[in-house]
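Contents: one structure, followed by commentary.
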Amino acid sequence: MSSSTNTPTHHTSTIGSIGAPSRRNTELALLVFAVVIPVFAYANVGLAIDDKVPTGLLSYGLGLALLAGVAHLAVRKFAPYADPLLLPLATLLNGLGLVIIWRLDQSKLLQSINQAGNAAPRQLLYTALAIALFVAVLFFLKDHRVLQRYTYISMVGALVLLLLPLVPGLGANIYGAKIWISVAGFSIQPGEFAKIVLAIFFAGYLMVKRDALALASRRFMGLYLPRGRDLGPILVVWFISILILVFETDLGTSLLFFGMFVIMLYVATERTSWIVFGLLMSAGGAVGVATFEPHIQTRVQAWLDPMHEYMLSQSGVKDGIIHSEQAMQALWAFGSGGTLGTGLGQGHSELIRFAANSDFILATFGEELGLAGVMAILVLYGLIVERGIRTALAARDPFGKLLAVGLSGAFALQVFVVAGGVMGLIPLTGMTMPFLASGGSSVIANWALVGVLIRISDTARRPAPAPAPSPDAEMTQVVRP
Amino acid sequence: MNKPLRRIAIFCGLLVLALLLRDNYIQYVQADSLRTDSHNRRVAIERYATPRGNIIVDGDPITGATETKKNGINDFVYKRTYKDGAMWAPVTGYASQAFDASQLEKLDDGILTGNDDRLFFRNTLDMITGKGKQGGNVVTTLNGAAQKAAYKGLLSRGKGAVAAINPQTGAILALASTPSYDPSAFAGNTNTDAKAWNKLQKKNNPDDPMLNRALRETYPPGSTFKVVTAAAALENGLYTTADQRTDTPLPYILKGTRTELKNEGNIPCKDATMRIALRYSCNTVFGKIGTDLGKDKMLAEAEKFGFGSEQLTPVRSNASVFPKSMDPAQTALSSIGQFETAATPLQMAMVASAVANNGTLMKPYMVDKLQAPSLDVISQAEPEKLSQPLSESNAQILQSMMETVVKEGTGTKAQISGVTVGGKTGTAQHGVANSEKPYAWFISYAKLPDGSSPVAVAVVVEDGSANRGDISGGGLAAPIARDVMKAVIDSKK
């Protein structure tokens with residue numbers, strides 16, 4: 001894998017280097033769907049709630065179309081060979097998210113507890129900012145390999161971002177998790193951005209150290225045990241993720257970072273032993289922390305027996321723990337939706353109350369679009385992840401491969417952790433559904449993530465320059481009768 | 001690096017697959033049980049999304065629905081209203097947005113909301129034709145005039161209950177309980193409703209207005225139980241006529257003790273016939289009959305009248321009690337309605353109705369039919385025989401005894417001109433060492449000249465305000481029973 005891009009006979013890509021079509025028109029056609037579907041959904045919600053087409057439909061439709069158009073033109077100009085699916089998938093999810101956020105804005109119950117009201121216009125603004133960042137990524141980042149230079153700066157940056165919520169006066173403890181910082185009235189979740197920065201650090205670090213990690217090891221009971229000094233980094237990252245868990249009570253983020261690191265380590269070293277260590281250490285860490293952190297214990301209890309937790313929350317038990325009815329409310333929302341859902345605007349997912357339009361937004365999809373709708377959403381996420389990994393497969397440099405798989409893996413884990421938590425598959429953690437959920441940090445960071453993936457895929461799919469004419473070949477070809 | 005990459009791709013695919021499987025589990029496999037979970041507020045939201053069907057008496061609804069203003073938090077659209085709510089509460093129960101429902105409102109909730117499976121076909125048709133969902137109606141057997149007479153009579157006396165039955169069918173005609181409550185007061189979902197509800201709870205209100213005394217309270221039946229004892233004597237052949245001399249000494253010493261069983265006042269009970277004994281309400285005669293028959297025969301007869309089992313009308317009534325293990329002295333006390341004997345007003349109305357119906361006890365019921373929103377009948381009640389506590393001839397002997405009570409005994413205040421009335425008074429002592437004011441009882445039936453018997457009634461008055469000496473079944477309860485019977489007879493004309 002020490003290949004350079006101009007030796008096509010040795011590259012490891014599965015995609016032919018020559019003549020890959022740019023597929024920009026495919027992307028444009030898909031984008032039309034990605035804009036039209038949410039516009040129809042928006043009209044549908046308005047008709048269901050007020051019996052009339054919502055007044056904001058035109059501006060919403062034009063706004064979404066404009067954003068998608070700008071993003072498309074940017075890709076056409078700066079990344080002409082990029083994967084044609086990523087942008088439409090992200091646009092569709094973002095558009096549907098906006099519709100559901102607007103729908104929850106209309107709920108009088110949520111308005112009365114100040115959980116909604118004007119989240120949709122704000123989200124549209126954040127989306128515009130996110131698309132701007134997306135375009136900026138494509139414009140300024142002409143080649144993703146430039147990021148290798150910032151390996152250690154990224155490490156410092158990621159740590160700073162992660163620890164910001166612990167800075168007194170800056171961090172904000174919202175509903176038991178300290179993962180926000182509050183700046184000038186805006187709440188930001190630095191963890192969302194740390195995800196990308198950390199992936200850059202891991203990719204840069206592992207690209208350099210992967211041979212040492214893979215080869216300098218002893219075989220023990222069928223597993224390759226790495227040397228202590230090579231084991232160091234994973235222990236450090238494990239320790240940091242535990243620290244996050246303990247001090248910010250954020251199970252999701254620590255699981256996400258640790259999982260991302262293990263995936264990248266495994267890809268870099270091709271050693272299964274790292275996965276085994278990773279699983280053992282994360283399990284050990286999680287169990288260890290869960291034994292003394294009441295916030296996490298409650299979540300585990302709510303996962304094991306949501307009904308019991310619901311009854312506790314209703315009876316107002318005062319045992320120093322905030323009991324939450326949300327897990328059960330989310331299950332009821334899903335169950336009430338059934339196979340086909342109640343129809344947009346016709347469910348009662350506002351009963352989830354707090355975080356109905358952020359962490360729990362999938363429950364509204366579940367209730368109003370039913371099993372069919374949620375499966376479609378999950379498949380859209382699955383497609384983003386698999387296109388990301390395909391980009392990693394196609395990338396010709398190890399840094400690009402690691403970065404692409406790191407970002408895709410983190411994205412997949414986030415979707416799994418959030419959707420699994422809301423659906424009661426695993427304990428609930430406080431993370432947001434990428435693109436769907438209300439929240440600026442999340443939508444901006446995930447558009448940046450897609451921007452980086454599109455940049456890598458453009459580099460990977462770009463046709464290699466034709467081999468320089470070789471004077472030797474010229475001579476041997478002179479065979480004339 | 002590509003081999004691990006492909007594996008990671010598979011791993012991510014498995015993550016998505018796990019989510020898809022979980023989603024199918026909760027949205028397909030578990031969907032129905034989650035959707036209909038009673039804690040799921042959507043169930044209540046749907047219940048109040050359309051006007052409820054009505055509960056109907058004499059062809060007119062005694063319930064209604066009003067649209068509540070949809071404010072910020074209230075997601076219920078329609079609220080239940082009641083006409084004469086306090087009077088009908090023992091029949092209807094309540095349907096509250098905040099506090100669920102009870103009795104008929106709860107038991108027939110499916111029909112009233114229109115969610116019942118039996119309405120499925122019609123609902124589907126309505127959905128296709130674009131009509132909104134409607135609730136069906138519950139048509140009761142009650143008689144508005146009788147209910148009004150019962151409630152008015154009780155109100156003038158304070159606390160108490162009335163149960164009236166049509167002896168020939170078992171149809172319940174009146175079911176009143178005081179003090180009562182107006183279910184309209186807490187039908188909504190506001191703070192006012194919550195306050196009204198809390199005020200009615202037993203812990204905040206010693207009068208316990210939400211107790212349905214006609215069905216759920218068991219009182220010592222006192223002397224009215226002597227009708228059951230007389231039936232047992234006739235059925236077991238202890239005496240074969242009403243006018244046979246009983247071999248009862250005066251004073252009568254309870255068997256196995258040195259305690260004397262006393263009568264109220266100086267009444268001719270020595271060796272009295274059963275007719276005389278019932279007319280004057282002799283404790284000695286019926287106490288001795290109980291002892292002579294023994295507890296097993298007494299219990300068997302009481303059970304034939306319905307003691308010992310709950311009645312489902314379809315609203316459940318508590319089981320009345322005739323004790324199972326007693327010594328002969330306790331049997332004597334139980335046989336005059338004391339010791340541990342306890343009966344609901346409905347139970348005592350059943351006793352009177354079995355006698356009036358020539359010994360056949362019909363199963364009490366109060367829902368005549370269930371109607372679809374279109375007024376099509378979904379189900380129609382059929383009168384059903386419950387048991388035969390006594391033979392026709394013995395029943396007629398007992399009738400003549402009870403008629404003597406009203407004609408020239410303790411129950412003269414129940415007389416109605418042109419109608420034959422049979423009855424029995426009761427004054428039940430209760431409390432430790434009879435410390436509390438006694439309950440006044442009256443059970444009776446009316447018989448028309450054509451021999452038919454349209455109504456049997458039981459009245460109990462827990463009158464805390466009357467002077468102790470004035471409390472008697474004949475004085476307090478009989479006039480109420482008379483008014484109820486008269487209302488039924490007048491409404492037949």
Side-chain angles (χ1 to χ4, degrees), chain A residues 1 12 14 108-109 111-113 210 263 266-272 307 310-311 314 328-329 331-339 341 347-348 350-351 366-367 370-371 374-375 378-379 381-382 385-386 388-390 392-393 398 401-402 405 408-409 411-413 415-416 419-420 423-425, chain B residues 1-49 68-77 97-100 115 127 130 132-133 189-190:
Chain A
M1 262 310 298
T12 53
T14 56
K108 296 214 171 68
L109 178 68
Q111 284 168 10
S112 74
I113 54 171
R210 64 196 193 91
I263 286 175
Y266 169 61
V267 171
T269 60
E270 308 192 21
R271 287 274 186 259
T272 321
M307 193 65 200
Y310 171 81
M311 298 310 279
Q314 294 298 296
M328 199 62 229
Q329 287 287 7
L331 284 181
W332 280 328
F334 278 110
S336 302
T339 315
H348 295 287
E350 70 271 9
L351 295 171
E367 180 165 7
L371 176 62
V374 175
M375 291 215 290
L378 291 175
V379 168
Y381 279 121
V385 172
E386 298 299 336
I389 298 177
R390 182 153 185 83
L393 277 169
K401 275 180 183 299
L402 285 172
V405 77
S408 312
F411 191 88
L413 283 174
V415 169
F416 178 76
M423 294 197 289
L425 183 63
Chain B
M1 274 205 230
N2 284 352
K3 200 163 125 194
L5 274 178
R6 287 176 210 280
R7 285 192 181 147
I8 294 296
I10 292 169
F11 168 71
C12 290
L14 288 176
L15 288 185
V16 174
L17 183 69
L19 291 176
L20 290 174
L21 288 176
R22 173 66 184 177
D23 194 21
N24 274 275
Y25 181 67
I26 57 174
Q27 294 210 271
Y28 185 78
V29 179
Q30 279 196 321
D32 272 341
S33 64
L34 287 169
R35 189 171 52 78
T36 55
D37 187 336
S38 61
H39 294 287
N40 185 344
R41 192 177 171 84
R42 291 164 187 80
V43 174
I45 291 174
E46 205 199 344
R47 175 185 292 160
Y48 296 105
T68 44
K69 215 166 52 183
K70 260 186 111 173
N71 56 26
I73 306 190
N74 194 5
D75 33 18
F76 300 138
V77 186
Q97 292 176 347
F99 304 103
D100 200 18
N115 288 335
M127 207 168 74
K133 195 174 73 182
N189 194 25
T190 64

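Heavy-atom basis, side chains included; hydrogens, waters and symmetry copies ignored. A note on names: the letters A, B, ... follow the listed sequences, proteins ahead of strands, and every chain is numbered from 1.
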In terms of heavy-atom contacts, does OH of Y25(B) have more than 12 from other residues, nucleotides or ligands at under 6.0 Å?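 Count not over threshold, so no.
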Side chain, backbone, both or neither: which part of [X] has an atom under 4.5 Å from a heavy atom of chain B?
X	answer
L331(A)	both
V374(A)	both
E270(A)	both
Y310(A)	side chain

Do K401(A) and N2(B) have side chains that get closer than 4.5 Å, going by heavy atoms?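 The answer is yes, as the side chains (C-beta and beyond) meet within the 4.5 Å cut-off.
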Out of curiosity, [X] [atom1] to [Y] [atom2], how far, rounded to the nearest 0.5 Å?
X	Y	atom1	atom2	value
H39(B)	M307(A)	NE2	CE	3.5 Å
W332(A)	R42(B)	CH2	CZ	8.5 Å
L371(A)	N24(B)	CG	CG	4.5 Å
L413(A)	F11(B)	CG	CZ	5.5 Å
L14(B)	L21(B)	CG	CG	10.0 Å
S38(B)	D100(B)	OG	CG	8.0 Å

Relative to chain B, which of [options] shows the most heavy atom pairs under 4.5 Å?
options	answer
G370(A), G341(A), G382(A)	G370(A)
E367(A), Q329(A), E350(A)	E367(A)
V385(A), T339(A), L351(A)	L351(A)
G337(A), S336(A), A419(A)	S336(A)

Contacting region of L20(B) [heavy-atom separation from chain A under 4.5 Å]: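 For L20(B), backbone and side chain are both near chain A.
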Contact leader toward chain A among T36(B), I26(B), V16(B), where contacts are heavy-atom pairs under 4.5 Å: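 Among the listed options, the one with the most contacts to chain A is I26(B).
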Give the member of R22(B), K3(B), Q27(B) that has the highest number of heavy-atom pairs under 4.5 Å with chain A.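 Heavy-atom pair counts peak at Q27(B).
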